Amino acid sequence: MQQINYIKHLNAIFVQFSKDNRLNPTHISLYIALFQIWNINRFVSEFYVNRKEVMELSKIGSKSTYHKCIKELSYWKYIIYFPSHNPYKGSRIKMFDFGTTTGQVLVHSSTKSDTSIGQALVPLYKHNKTYINNKQENLKNFDNDQNKDASNQEASVPYSDNLSISKTKNYDEPL
């Protein structure tokens, strides 16, 4: 059993994923599913997996996609995959420890687009103005839609006078 730091490993693997253009979301999903199974097995050096279980965890629906991705992950040295051709014995997987640093990470790595570490500040009044303008516009649109619906209903209802409803109401008269 290896000493694996869950958070350090995930942080390191995500940095690795961001640098690798060969990966697609299916590869990442499969790796995370395998990592979860490895965690459940308490980070043993090698463990066995059931294809159906891994496909369900990683949300992969096709056997061919699963086999293609797991072989590519093995070829690209994210894992070592030992396929089993025995249906009663699962395939063997060996995972690598990507979070090998023992000290505290002092420099945060940024993504490819060099996004800033700080929070972007947007003035509060801008949001309020936008909200008020959108609210007024929505009310105008709602009133227009109500008028259109009312005129469409009058034209589409063949016996609209059954209830004797008038548009102008006199509330002084008895019912």
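Quick caveat: nothing in here was measured; it's all calculated off a predicted structure.
Contacts classified as salt bridge (charged side-chain N to carboxylate O under 4.0 Å, His left out) and involving residues 80-93 (residues at least two apart or in different chains) are given here: Glu46-Arg92.
A search for side-chain contact (heavy atoms from CB on, under 4.5 Å) contacts involving Ile7 returns Asn5, Asn11, not counting sequence neighbours. Shown here are the ring pair (Phe, Tyr, Trp, His ring centres under 6.0 Å) partners of Tyr31, two or more places apart in sequence or in another chain: Phe17. Not a single ring pair (Phe, Tyr, Trp, His ring centres under 6.0 Å) links Tyr48 to another residue, sequence neighbours left out. In this view, Leu10 and Tyr6, Ile13, Phe14, Ile32, Phe35 satisfy the side-chain contact (heavy atoms from CB on, under 4.5 Å) rule, not counting sequence neighbours.
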Do any side-chain atoms of residues 54-61 form donor-acceptor pairs under 3.5 angstrom with protein atoms, and if so which ones, sequence neighbours left out?
residue : atom : partner : partner atom : Å
Ser58   : OG   : Val54   : O            : 2.8

Enumerate, atom names and distances included, each donor-acceptor pair closer than 3.5 Å involving a side-chain atom of residues 66-82, sequence neighbours excluded.
residue : atom : partner : partner atom : Å
Glu72   : OE1  : His27   : NE2          : 2.4
Ser74   : OG   : Tyr81   : N            : 3.3
Tyr78   : OH   : Asp20   : OD2          : 2.6

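When every heavy atom of Ser84 is checked against every heavy atom of Gly90, the shortest pair comes out as CB-O, 3.4 Å.
Interatomic distance, Asn24 CG to Ser29 OG, rounded to the nearest 0.5 Å: 10.0 Å. Distance check: Ser45 OG to Asp97 CG gives 12.5 Å after rounding to the nearest 0.5 Å.
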Please step through side-chain contact (heavy atoms from CB on, under 4.5 Å) for the pair Met95 and Ile4, ending with a clear verdict. CA-CA 11 Å; Met95 304 281 284; Ile4 303 294; over 6 Å; no
